[in-house]
Asker: 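Sharing a structure here in structure tokens format.
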Amino acid sequence: MEATPTTGSPGGRVAVYPGSFDPVTCGHLDIIRRAAKQFDHLIVAVLNNTSKKPLFSVEERKQLLTEVTQDLPNVTVDSFRDLLVHFMKSRQADVIVRGIRSVTDFEYEIQMASTNHQLDGDIETIFMMTNPKYSYLSSSIVKEIAMFHGNVQDLVPPEVQRALIAKFSEGTRANGSQG
């Protein structure tokens, strides 16, 4: 009996855009919006990486992503801590979406795509080039700017900007220092 490829839900193809999204940036949101146009259902999957110490909890990141994607009816937000291929199987997804900013990103992402394909040959990875205006942008850069009370208005959605200000205000109050 020949295996049939998984095509997601009966309504069409399901893709997963995984990442830490700590925090979600305008670059991430650009990829989400563009990927949502290509698939029937896009799951934005927040990685719960226990080896890293994120600024925002998984629940906070999921909430922020839900807020900034509320106008996209075919996008849902979820989280995972297992292998990505296991998460994809559990969601009947067969495509991984990854954003690429540079050659350096591509080198890492091609290695991950090959590994995921080795683990599950039915899973494909597609790469979307980042909009050039976001090619320099990363969550790490955003956090550093926000930590020193710099302006992140053009780097993250307004909801995320408010959350960053609140998060770093908490730290300032907790440390008893002046910003």
Side-chain angles (χ1 to χ4, degrees), residues 15-39 41-72 74-81 84 87 93 95-116 124-172 179:
V16 173
Y17 179 33
S20 59
F21 306 105
D22 186 39
V24 61
T25 68
C26 289
H28 292 131
L29 192 52
D30 177 62
I31 296 290
I32 291 167
R33 290 188 179 289
R34 291 170 39 216
K37 292 177 185 175
Q38 304 301 317
F39 296 94
H41 184 201
L42 177 67
I43 302 168
V44 180
V46 178
L47 172 61
N48 185 2
N49 187 342
T50 55
S51 67
K52 288 187 175 182
K53 188 171 180 183
L55 178 63
F56 293 99
S57 70
V58 169
E59 287 307 313
E60 288 171 320
R61 289 180 272 159
K62 284 174 57 180
Q63 179 60 39
L64 287 169
L65 279 159
T66 300
E67 287 177 32
V68 302
T69 60
Q70 65 184 341
D71 64 320
L72 301 170
N74 66 328
V75 173
T76 57
V77 178
D78 204 342
S79 64
F80 70 104
R81 64 173 48 214
L84 177 57
F87 174 79
V95 177
I96 301 169
V97 174
R98 297 299 295 159
I100 302 288
R101 294 174 297 189
S102 66
V103 172
T104 307
D105 281 354
F106 183 73
E107 289 174 356
Y108 171 78
E109 293 295 346
I110 196 76
Q111 182 180 20
M112 294 306 298
S114 297
T115 301
N116 286 326
E124 295 293 338
T125 300
I126 65 161
F127 301 115
M128 296 185 84
M129 295 305 301
T130 299
N131 183 318
K133 70 181 180 180
Y134 303 124
S135 64
Y136 67 92
L137 188 55
S138 71
S139 293
S140 298
I141 288 171
V142 167
K143 286 186 283 194
E144 188 166 348
I145 293 168
M147 180 173 61
F148 292 107
H149 308 288
N151 185 354
V152 295
Q153 180 177 342
D154 296 332
L155 310 179
V156 295
E159 299 88 343
V160 176
Q161 181 181 10
R162 287 190 292 275
L164 284 164
I165 290 168
K167 187 68 77 169
F168 285 115
S169 292
E170 288 171 14
T172 302

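Just so we're clear, the structure is a prediction, and the values are computed from it rather than from any experiment. In what follows, every heavy atom counts, from backbone to side chain, and hydrogens, waters and symmetry copies are set aside.
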Asker: Distance check, rounded to the nearest 0.5 Å: Leu64 atom CG versus Arg162 atom CZ?
Answerer: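 Here the interatomic distance stands at 10.0 Å.
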Asker: What are the two closest non-hydrogen atoms of Thr130 and Ile31, and how far apart are they?
Answerer: CA-CD1, 4.4 Å
Asker: Measuring from atom CZ of Phe80 to atom CG of Leu47, what distance do you get when rounded to the nearest 0.5 angstrom?
Answerer: 4.5 Å
Asker: Is there a side chain to side chain donor-acceptor pair (under 3.5 Å) between Gln63 and Glu59 once you walk through the steps?
Answerer: CA-CA 6 Å; Gln63 179 60 39; Glu59 287 307 313; over 6 Å; no
Asker: To the nearest 0.5 Å, how far apart are CD in Gln153 and CD1 in Ile145?
Answerer: 12.5 Å
Asker: Any sub-3.5 Å donor-acceptor pair from Asn74's side-chain atoms to Phe39's backbone N or O?
Answerer: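 Looks like yes, one N/O pair under 3.5 Å.
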Asker: Considering non-hydrogen atoms only, spot the tightest contact between Ala45 and Val16 and give its length.
Answerer: CB-CG1, 3.7 Å
Asker: Please check this pair: side chain of Ser139 against backbone of Pro23, looking for a donor-acceptor N/O pair closer than 3.5 Å.
Answerer: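 Yes; judged by distance alone, with no hydrogens or angles, the pair exists.
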Asker: For residues Gln111 and Glu107, is any side-chain donor paired with an opposing acceptor at under 3.5 Å?
Answerer: no
Asker: Look at atom OH of Tyr108 and say whether more than 12 heavy atoms of other residues, nucleotides or ligands are closer to it than 6.0 Å.
Answerer: no
Asker: So which atom in Tyr17 and which in His28 form the shortest heavy-atom distance, rounded to 0.1 Å?
Answerer: OH-CD2, 3.4 Å
Asker: Is it the case that the side chain of Arg101 and the backbone of Leu137 share a donor-acceptor pair, with hydrogens and angles ignored and the cut-off at 3.5 Å?
Answerer: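 Flag set: sc Arg101 to bb Leu137 pair under 3.5 Å.
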Asker: Enter the distance from Lys62:NZ to Asp78:CG here, rounded to the nearest 0.5 Å.
Answerer: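 If we round to the nearest 0.5 Å, Lys62:NZ and Asp78:CG are 5.5 Å apart.
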Asker: Determine whether a donor-acceptor pair (N or O, by modelled atom type, separation under 3.5 Å) exists between the side chain of Arg61 and the backbone of Phe56.
Answerer: yes
Asker: When rounded to the nearest 0.5 angstrom, what is the spacing between CG in Leu29 and OH in Tyr134?
Answerer: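 Result: 8.0 Å between the selected atoms.
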Asker: Answer yes when Arg33 and Asp71 have at least one side-chain N-carboxylate O distance shorter than 4.0 Å, and no when they do not.
Answerer: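 Yes, Arg33 and Asp71 are salt-bridged.
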Asker: Hey, mind stepping through Leu65 and Ile32 against side-chain contact (heavy atoms from CB on, under 4.5 Å) and telling me if it holds?
Answerer: CA-CA 10 Å; Leu65 279 159; Ile32 291 167; 4.0 Å; yes
Asker: Could you tell me which non-hydrogen atom of Val152 sits nearest to which non-hydrogen atom of Ala146, and how far apart they are?
Answerer: CG1-N, 4.0 Å
Asker: Are any side-chain N or O atoms of Thr69 and backbone N or O atoms of Leu72, one a donor and one an acceptor, separated by less than 3.5 Å?
Answerer: no
Asker: If the condition is side-chain contact (heavy atoms from CB on, under 4.5 Å), which residues does Glu109 pass it with, not counting sequence neighbours?
Answerer: Arg98, Ile100, Met112, Phe127
Asker: Say you draw a straight line from CD1 of Ile96 to CG of Asn116; how long is it, rounded to the nearest 0.5 Å?
Answerer: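 Answer for the CD1-CG pair, Ile96 versus Asn116, is 4.0 Å.
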Asker: Between Thr66 and Gln70, does the side-chain contact (heavy atoms from CB on, under 4.5 Å) criterion hold? Intermediate values first, please.
Answerer: CA-CA 6 Å; Thr66 300; Gln70 65 184 341; 5.7 Å; no
Asker: Please find the pair of heavy atoms, one from Pro18 and one from Leu84, that lie closest to each other, and give the distance.
Answerer: CG-CD2, 3.7 Å
Asker: Decide yes or no for Val24 and Glu159: does some side-chain heavy atom of the first lie under 4.5 Å from some side-chain heavy atom of the second?
Answerer: no
Asker: Do you know which two heavy atoms are closest between Ala36 and Leu42, and how far apart they sit?
Answerer: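 Result for this residue pair: N-CD2, 4.0 Å.
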